[in-house]
Number of protein chains: 2
Amino acid sequence: MPSSTRLDHWLDIFQSSGCRLTPARLAVLEVVANSSTVLSPMQIFLAARNRAPRLGLVSVYRTLEILENLKLIQRVHQPDGCQGFINAASGHQHLLICVNCGRAVYFEGDDVTELAESLKEKFGFHILDHWLQFEGICRDCQSKNPSDPEKP
Amino acid sequence: MPSSTRLDHWLDIFQSSGCRLTPARLAVLEVVANSSTVLSPMQIFLAARNRAPRLGLVSVYRTLEILENLKLIQRVHQPDGCQGFINAASGHQHLLICVNCGRAVYFEGDDVTELAESLKEKFGFHILDHWLQFEGICRDCQSKNPSDPEKP
DNA sequence: GTAACTGCAAACGCTTTGCACCAAG
DNA sequence: CTTGGTGCAAAGCGTTTGCAGTTAC
């Protein structure tokens with residue numbers, strides 16, 4: 001899905017779920033919808049403040065909470081701490097993340113549902129959710145200086 | 001591996017890596033080595049304080065850091081926040097966690113390495129690490145009151 | 001007009017650090 | 001004896017909350 005279409009889609013869902021569209025929220029939505037990398041609340045704040053100079057960090061947190069509830073973004077857990085967010089591909093949570101630049105790629109991995117089924121039988125667990133994440137270095141970062149961070 | 005053997009194993013590695021064995025550290029090691037559930041630093045602190053009454057929370061953090069570096073425990077990321085720790089099965093990071101009681105089960109999932117290989121070809125990523133985690137309700141918790149927490 | 005939303009500042013909780021004392025080896 | 005480890009207290013940091021003013025609808 002192209003970024004512009006995604007933003008329209010988000011605005012649609014956002015408004016029809018009863019949320020008011022304000023400059024602060026629009027700025028956050030634009031930043032997150034147009035990014036294909038994992039972003040921290042602070043990164044989102046800094047980027048969104050260019051579009052809405054009076055923006056406060058608090059509004060970023062509150063908007064992210066709404067977006068997470070609407071399933072428009074998903075939380076990404078990283079080796080160190082964990083408050084990264086990325087726009088959520090429909091239904092999938094299988095991510096490939098570059099530890100150098102933060103770029104993220106969704107991929108298909110339907111064999112996971114088979115695995116879930118066998119776990120259910122084997123251990124008697126009722127499976128609610130799963131999480132598959134790969135970390136590595138993307139092609140671009142491999143060809144550059146490995147210690148050159150390229151966060152957007 | 002039985003818990004007692006694991007503790008011995010840990011003490012072995014711990015000491016031969018140059019770390020001194022103190023009452024505080026022993027208490028933390030005993031608690032974590034003998035548990036098969038995901039534990040937060042605070043839970044570990046409370047349990048370990050029974051064995052070493054003068055224990056400080058700070059020592060728990062410091063000991064966990066050492067254990068993580070020695071790969072004896074692994075960090076578990078949970079939907080909400082993420083500072084859970086569990087003793088690490090050798091080489092495997094595939095976990096099945098009960099969201100009710102915290103019990104964790106390691107399982108085999110070697111198909112993940114195949115998947116990693118295909119991702120490498122498809123997207124050009126150099127894969128460094130992966131993470132597969134299932135969340136659900138274990139058999140015991142299914143048969144009990146679902147809202148009855150049973151944290152150890 | 002009104003309820004939802006805002007930014008600010010302060011509170012909060014978890015984690016880390018500085019330090020003087022202590023004990024493992 | 002020496003160096004690494006301890007607990008305490010305080011600092012640090014990211015996140016959340018209370019609030020009075022503001023704005024989308």
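This structure is a prediction, so every number in the text was calculated from the model and none was measured. Labels below follow one simple rule: chain letters A, B, ... track the order of the sequence lines, proteins then strands, and each chain is numbered from 1. No hydrogens, no waters, no symmetry mates; every other heavy atom, side chains included, goes into these values.
Of the candidates dA24(C), dT17(D), dC5(C), dC5(C) carries the atom nearest the C19(A) side chain, counting heavy atoms from C-beta on. Closest contact between the side chain of V58(A) and the listed nucleotides dT6(D), dC8(C), dT6(C) involves dC8(C).
Going from atom CD of E65(A) over to atom C1' of dG14(D) covers 15 Å, rounded to whole Å. Remark: C1' of dT22(D) and CG of L55(A) are 15 Å apart, rounded to the nearest angstrom. In this structure, the CG atom of L57(B) is 11 Å from the C1' atom of dT16(C), given to the nearest Å. In this structure, CG of L26(A) is placed 15 Å from C1' of dT6(C), rounded to the nearest angstrom. Summarising the geometry, the separation between CZ on F45(A) and P on dC13(D) is reported as 17 Å, rounded to the nearest angstrom. Distance CG (L21(B)) to P (dC22(C)): 21 Å, rounded to an integer number of Å. Atom-to-atom, CZ of R49(B) to C1' of dT6(D) comes out at 16 Å; the value is rounded to the nearest Å. With rounding to whole Å, L11(A) atom CG is found 15 Å from dA24(D) atom C1'.
Between the side chain of R62(A) and the base of dT6(C), no donor-acceptor pair under 3.5 Å is found.
Where R20(B) and G56(A) each meet DNA chain C at their nearest nucleotide, the meeting point lying more 5' is that of G56(A).
Dashed line: the shortest gap from a side-chain N or O of T22(A) to OP1 or OP2 of dT6(C) is under 4.0 Å. Between R25(A) and dT6(C) there is a side-chain polar atom (N or O) within less than 4.0 angstrom of OP1 or OP2. Between Q15(B) and dA24(C), a side-chain N or O to OP1/OP2 separation shorter than 4.0 Å is absent.
When side chains are defined from C-beta on, F123(A) does not count as touching C138(B), because their heavy atoms never get closer than 4.5 Å. In this structure, E30(A) and R51(A) have side chains that are in contact, with non-hydrogen atoms separated by less than 4.5 Å.
Taken to the nearest 0.5 Å, the NE2 atom of H130(A) stands 7.0 Å off from the CG atom of L132(A). A distance of 6.5 Å separates CD in Q43(B) from OG1 in T37(B), rounded to the nearest 0.5 Å.
Exactly one residue among N87(A), I66(A), I73(A), L7(A) makes a side chain to side chain contact (heavy atoms under 4.5 Å, CB included) with L29(A). That residue is L7(A).
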